[in-house]
Amino acid sequence: MISTITCVKQFLPIIFLALTNSITGFGQQVPVPANYSVIDTVSGDLDKDGTNEMVVAYNTEKENPDSFESIPRELIIYKKQNNKWITWESSKQALYGSRDGGMMGDPFGDITIEKGILSISQDGGSSWKWGHTDKYRYQGGEFVLIGYTSGYGKPCEYWENVDFNLSTGKLVVTKEYEECHDSGSQKIYKRENETFYKKGLKITLQTRSEKEIKIVTPKYGHEIYVAITNE
């Protein structure tokens, strides 16, 4: 069986040219904060005003190739105002650190904008693998988490997938248990599917990892961690 977790890192083309201390976006310079370095950038209309914003993922410290310390990261969203780029929103909780992917290293997957929705994908693990995607929509003057999908598992053990629509509260959990044979073949011997509603959760870009959020499914008692702290 192939898990829905995607653990292959893809290096997408950078839309904006990263310079030593600035980014060029549509001919306009954006100063990079001191000691920050660009991981990825993307542009798109996030507030549906007809003008694209620019989203940049940063390392907040200079990388030391001899260190195994995880570098904290920050996501900054820039908006065009009077023909200049200004910081519109920022979050130090939306991205994991540079080595928080475990044995797989850097957990950063990608950031995309589609139909005004900002998506952030991250993954990691070793033999046990994990991955998740957050989807944010700008509403009521802030970026609110409206969708969360995740996958976790290990070959010959189980794969658990979560699809949580925070807008409607609908949460779908599927879990497939595997066994492996000497021939190398894998067989699913049990499936558990559960759909229920969990309403009232509000998570924003700025409060993404402010506190741990655990949901226990009512039928099978699976523990779903929608949020964990960075501490």
Side-chain angles (χ1 to χ4, degrees), residues 1-7 57 70 72-73 75 89 91-97 100-104 107-112 114-178 188-231:
M1 175 189 173
I2 299 175
S3 164
T4 57
I5 302 174
T6 301
C7 295
S70 186
R73 289 175 164 169
L75 192 79
E89 300 282 350
S91 173
K92 291 185 177 180
Q93 297 195 11
L95 300 174
Y96 292 124
D100 289 352
M103 292 294 293
M104 293 185 65
F108 184 80
D110 61 21
I111 49 177
T112 62
E114 185 176 355
K115 296 181 179 179
I117 303 299
L118 172 64
S119 297
I120 302 171
S121 296
Q122 302 177 91
D123 57 64
S126 54
S127 57
W128 289 90
K129 295 177 174 57
W130 60 266
H132 69 74
T133 298
D134 291 336
K135 292 183 180 293
Y136 295 92
R137 181 169 60 206
Y138 186 70
Q139 56 188 47
E142 56 190 346
F143 284 90
V144 177
L145 186 70
I146 62 166
Y148 170 79
T149 57
S150 71
Y152 177 76
K154 177 184 178 181
C156 308
E157 296 287 348
Y158 66 78
W159 297 103
E160 180 181 82
N161 295 292
V162 175
D163 188 349
F164 189 13
N165 184 327
L166 281 80
S167 295
T168 65
K170 185 178 181 179
L171 205 161
V172 180
V173 181
T174 61
K175 193 169 184 178
E176 296 183 342
Y177 297 84
E178 294 181 349
I188 298 171
Y189 66 89
K190 184 170 68 173
R191 288 185 174 91
E192 294 174 346
N193 299 316
E194 194 168 356
T195 300
F196 60 99
Y197 286 82
K198 179 68 176 179
K199 296 185 177 181
L201 282 181
K202 182 180 179 181
I203 303 171
T204 67
L205 194 69
Q206 286 79 12
T207 64
R208 181 63 183 92
S209 55
E210 188 173 71
K211 62 181 180 179
E212 179 182 281
I213 299 176
K214 180 177 75 172
I215 299 173
V216 179
T217 68
K219 185 176 181 180
Y220 294 107
H222 299 314
E223 295 183 347
I224 308 301
Y225 287 87
V226 178
I228 57 173
T229 64
N230 286 335
E231 298 178 357

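Computed from a predicted model, the values in this text were never measured in an experiment. Worth knowing before you read on, the calculation uses all heavy atoms, side chains too, and leaves out hydrogens, waters and symmetry mates.
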Determine whether Thr204 and Phe143 make a side-chain contact, defined as any pair of heavy atoms from C-beta on separated by less than 4.5 Å. no
Do Ile224 and Glu160 make a side-chain contact, defined as non-hydrogen atoms from C-beta onward lying under 4.5 Å apart? yes
One should read off an interatomic distance between Tyr136 OH and Ile117 CD1, to the nearest 0.5 angstrom, of 12.0 Å
Looking only at heavy atoms, which two atoms of Ser119 and Thr133 are closest? And how far apart? CB-CG2, 4.3 Å
Closest non-hydrogen atom pair, Ile120 against Ala94: CD1-CB, 4.2 Å
I need the Glu157 CD to Glu178 CD distance, nearest 0.5 Å. 9.0 Å
Approximate separation, where rounding is to 0.5 Å, of Thr195 OG1 and Leu171 CG: 8.5 Å
Donor-acceptor pair, distance only, cut-off 3.5 Å: does the side chain of Thr217 make one with the backbone of His222? yes
Do Gln93 side-chain atoms and Arg208 backbone N/O form a donor-acceptor pair below 3.5 Å? yes
Kindly indicate whether the side chain of Asp100, heavy atoms from C-beta on, has any atom under 4.5 Å from the side chain of Gln122. no
Non-hydrogen atoms of Ser127 and Lys154 that approach each other most closely: O-CG, 3.4 Å
Show the nearest heavy-atom pair for residues Tyr220 and Asn193, with the distance to one decimal. CE1-O, 3.8 Å
How far does CG of Asp123 sit from OG of Ser150, to the nearest 0.5 angstrom? 12.0 Å
Looking only at atom types and distance, does a side-chain atom of Ser126 sit under 3.5 Å from a main-chain N or O of Met103, one as donor and one as acceptor? no
Roughly how far apart are Lys219 NZ and Phe196 CZ, rounded to 0.5 Å? 12.0 Å
Which pair of heavy atoms, one from Gly125 and one from Trp130, lies closest together, and at what distance? N-NE1, 3.4 Å
Between Thr168 and Tyr197, which heavy-atom pair has the shortest distance, and what is it? O-CD2, 3.6 Å
Quick one: pull up OH in Tyr189 and OH in Tyr158 and give me the separation to the nearest 0.5 Å. 11.0 Å
Using side-chain heavy atoms (C-beta onward) and a distance below 4.5 Å, is Glu89 in contact with Gln206? yes
Does a side-chain heavy-atom distance below 4.5 Å link Ile203 with Asp134? no
Glu192/Lys190 ion pair, N-O < 4.0 Å: yes
Could you tell me whether the side chain of Ile213 reaches within less than 4.5 Å of the side chain of Tyr148, counting heavy atoms only? no
Do Tyr96 and Ile228 have side chains that get closer than 4.5 Å, going by heavy atoms? yes
Can you check whether Glu142 reaches Leu205 side chain to side chain, under 4.5 Å on heavy atoms? no
How about NZ on Lys135, more than 12 heavy atoms from neighbouring residues, nucleotides or ligands closer than 6.0 Å, or not? no
